Amino acid sequence: MIKWFKSGSPWIWLTAGAVSLSLVAVLGLLLLIGYKGLSYFWPAPVYQFDVNLNGKHQVVVGELYQRTMIPVDQLADAGVDVSQFTQDSVPRYLIKTGNRGQGALDFLTVLSTQIVDQKIANNIAVVDRESNGKFYGYPLHVIEAGEPQPLSQLPDALAQADKVRSELRSLQSNEIANINWHLERLRIEKRRLELSGKLTTADGLRIDREQANYNTIYKNIENRLFALQRQLDNDALVLRDQNGTDVTIPMMQVLDMWRPNNLSWFEKVQHWGHQVYKFLTEAPREANTEGGVFPAIFGTVFMVLLMSVMVTPLGVLAAVYLHEYASNNRLTKLIRIAVINLAGVPSIVYGVFGLGFFVYMVGGTIDDVFFSAQLPTPTFGTPGILWSALTLAIMTLPVVIVSTEEGLARIPSSVRNGSLALGATQAETLWRIVLPMASPAIMTGLILAVARAAGEVAPLMLVGVVKMAPTLPLDMHFPYVHLDRKFMHLGYHVYDVAFQSPNVEAARPLVYATSFLLVTVIISLNLTAIAIRNHLREKFRALEQ
């Protein structure tokens with residue numbers, strides 16, 4: 001036994017066990033988040049409950065959202081009559097009734113003892129609405145041009161409503177946005193000429209004439225907008241709710257409808273895939289509790305890529321200077337200690353630094369020098385995606401510096417001496433020999449930087465991220481990439497849905513879904529960087545021989 005301990009085998013097994021336990025824990029966490037998030041899009045069965053609440057009989061239609069066991073003592077403390085209970089705990093059900101707008105709440109909590117009967121609601125339909133969430137009811141007929149039509153016309157009505165909504169979004173995001181952009185340019189041009197004292201009568205008349213022309217075009221687009229909306233004013237879907245009341249939902253509000261209890265397994269898989277696709281490609285609605293997360297996906301990936309472009313050159317240059325040029329004295333050692341300590345600074349401190357230095361100082365100066373005509377409305381003197389990327393670049397800079405220095409230190413001095421002996425300068429040796437050999441270490445630092453920056457939320461709340469961004473940082477107007485705009489982020493989206501949502505129960509599954517998506521995005525970015533690192537390692541392996 002003593003020889004076995006001295007051989008080091010126990011420590012090998014202990015290390016292997018710790019690694020295995022860590023992997024199991026990580027995979028278990030990912031599976032839990034993935035299951036909780038992805039199961040949200042599966043068409044759950046809808047039940048009809050006959051419940052007895054406070055002596056009143058009531059019919060409730062909805063999904064069985066959650067089941068928990070409640071101790072009888074806890075119910076007694078809450079004032080519930082527990083004399084009829086014979087067990088120590090009682091099941092409590094959370095039923096998602098939907099139909100927000102017809103009632104005060106779209107969730108109902110009942111005890112198992114209050115449920116008189118429970119059965120599958122045959123032919124029940126779930127209607128996904130533009131606002132107020134989902135509606136549960138029994139479809140009766142479709143109204144087109146004010147006249148009742150059979151339900152067989154519903155697919156055509158849904159397709160027409162979807163077409164009209166697409167045209168409305170196109171008018172708002174393209175044509176109206178283009179008119180507003182031109183009007184803003186003219187306003188800024190007039191303001192700039194006024195500030196410089198060069199505004200002539202001819203220029204003023206020209207600008208006024210162009211503004212009047214764009215306003216006329218805007219009125220025409222607005223009339224087209226109203227005409228499209230009027231197309232569906234008399235179209236609606238009529239359903240009967242759980243109380244037997246006929247409810248009319250305008251087709252403009254109806255996004256989709258399905259009968260979950262009538263779907264086959266294959267149809268459920270198709271529905272699940274369609275809902276996941278909509279989640280990935282659509283914009284959020286209802287205070288982020290409905291709709292998709294595409295703007296947040298775009299903002300996260302774009303911000304991380306922008307941060308990577310900024311942090312990699314800075315980190316590599318700093319590491320090259322410290323390792324290749326700077327002498328090994330007390331100042332260099334102090335700088336290395338400072339770099340290492342910077343990696344331990346709380347991220348919120350970097351956010352405060354970014355807000356004070358980048359936004360107010362640098363951005364305010366840029367506005368004063370280049371965008372004075374737009375003041376007092378700031379352009380760069382306000383939080384935006386550029387300052388977010390710079391803040392995270394400063395935060396992850398120590399990781400890239402340390403990783404690059406480690407890579408440079410592993411390159412044998414004989415390689416440098418051989419290159420110098422053949423007549424190459426130190427700069428040529430660095431560019432052609434040293435940096436290519438150190439490129440895998442540089443990519444390792446970038447991987448670590450991306451892994452940390454992609455999930456950060458605290459600094460972004462101060463320097464650019466918002467709950468809802470009306471436009472993406474990209475459009476068809478010069479300079480096409482607008483780094484001054486605010487953006488959405490998956491990490492902040494998780495925080496907002498989890499802690500700022502007005503409907504906590506409805507938003508809970510979206511927290512899991514968005515968290516799983518954020519992990520997936522980070523893993524995808526890291527795998528891309530790892531693939532590039534492995535390619536570089538194989539490409540420059542010959543230089544190590």
Side-chain angles (χ1 to χ4, degrees), residues 29-46 60-68 92-110 126-136 253 255-256 258 260 271-272 274-300 455-458 460-461 465-470 486-522:
L29 177 62
L30 290 178
L31 289 175
L32 174 64
I33 296 175
Y35 172 76
K36 290 281 191 178
L38 296 179
S39 62
Y40 168 72
F41 305 104
W42 188 262
V46 180
V60 177
V61 173
E63 299 177 17
L64 194 56
Y65 208 67
Q66 188 180 20
R67 179 182 184 272
T68 55
R92 184 178 66 183
Y93 298 102
L94 181 65
I95 303 173
K96 182 178 181 180
T97 60
N99 299 15
R100 198 185 315 152
Q102 277 68 42
L105 299 174
D106 54 353
F107 282 91
L108 178 67
T109 302
V110 296
V126 180
V127 179
D128 191 11
R129 297 183 289 180
E130 183 78 25
S131 59
N132 291 327
K134 292 180 175 59
F135 185 92
Y136 301 89
Q253 284 286 315
L255 299 177
D256 196 4
W258 63 92
H271 176 85
W272 178 86
H274 180 62
Q275 294 299 317
V276 171
Y277 174 78
K278 288 168 60 177
F279 178 70
L280 297 176
T281 57
E282 292 184 353
R285 310 187 309 271
E286 293 287 296
N288 289 340
T289 60
E290 299 284 346
V293 291
F294 175 74
I297 297 174
F298 182 89
T300 302
E456 283 292 344
V457 176
L460 299 181
M461 294 171 66
V465 75
V466 291
K467 177 187 179 74
M468 182 71 71
K486 296 175 175 60
F487 69 105
M488 295 182 67
H489 187 273
L490 286 172
Y492 185 75
H493 191 273
V494 172
Y495 163 77
D496 177 70
V497 173
F499 298 103
Q500 306 294 323
S501 173
N503 196 340
V504 178
E505 294 295 343
R508 185 183 300 165
L510 286 178
V511 175
Y512 290 104
T514 309
S515 299
F516 183 72
L517 179 60
L518 176 60
V519 173
T520 304
V521 168
I522 295 174

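Note that the structure is predicted; figures quoted are calculated from it, not measured.
Contact detail for Val126 and Val46: the closest heavy-atom pair is CG2-CG2, 4.0 Å. When all heavy atoms of Gly133 and Glu290 are compared, the pair lying nearest together is CA-OE2, 3.8 Å. Nearest heavy-atom pair, Phe41 versus His271, reported as atom, atom and distance to 0.1 Å: O-CD2, 3.9 Å. Across Tyr65 and Pro509, no two heavy atoms sit closer than the pair OH-CG, 2.9 Å.
A salt bridge (Lys or Arg N to Asp or Glu O under 4.0 Å) with Glu286 is found for one member of Arg129, Arg100, Lys134 and no other, namely Arg100.
Using cut-offs of 30° and 60° on the angle between ring planes, the pair His489 and Phe487 is perpendicular.
The distance from atom CD1 of Ile95 to atom CZ of Phe107, rounded to the nearest 0.5 Å, is 11.0 Å. Between the CE atom of Met488 and the CG atom of Asn288 there is a distance of 5.0 Å, given to the nearest 0.5 Å.
Residue pairs meeting the salt bridge (Lys or Arg N to Asp or Glu O under 4.0 Å) criterion with at least one partner in residues 488-497, sequence neighbours excluded, are Lys467-Asp496.
Applying the side chain to side chain contact (heavy atoms under 4.5 Å, CB included) rule to Val494 yields the partners Val511, Thr514, Ser515; only residues at least two apart in sequence or on another chain are considered.
No donor-acceptor pair under 3.5 Å is formed between the side chain of Arg285 and the backbone N or O of Ser131. Here the side chain of Trp258 pairs no donor or acceptor atom with the backbone of Asp128 at under 3.5 angstrom.
Using modelled atom types, one finds no donor on one side chain facing an acceptor on the other under 3.5 Å when comparing Gln275 with Tyr40.
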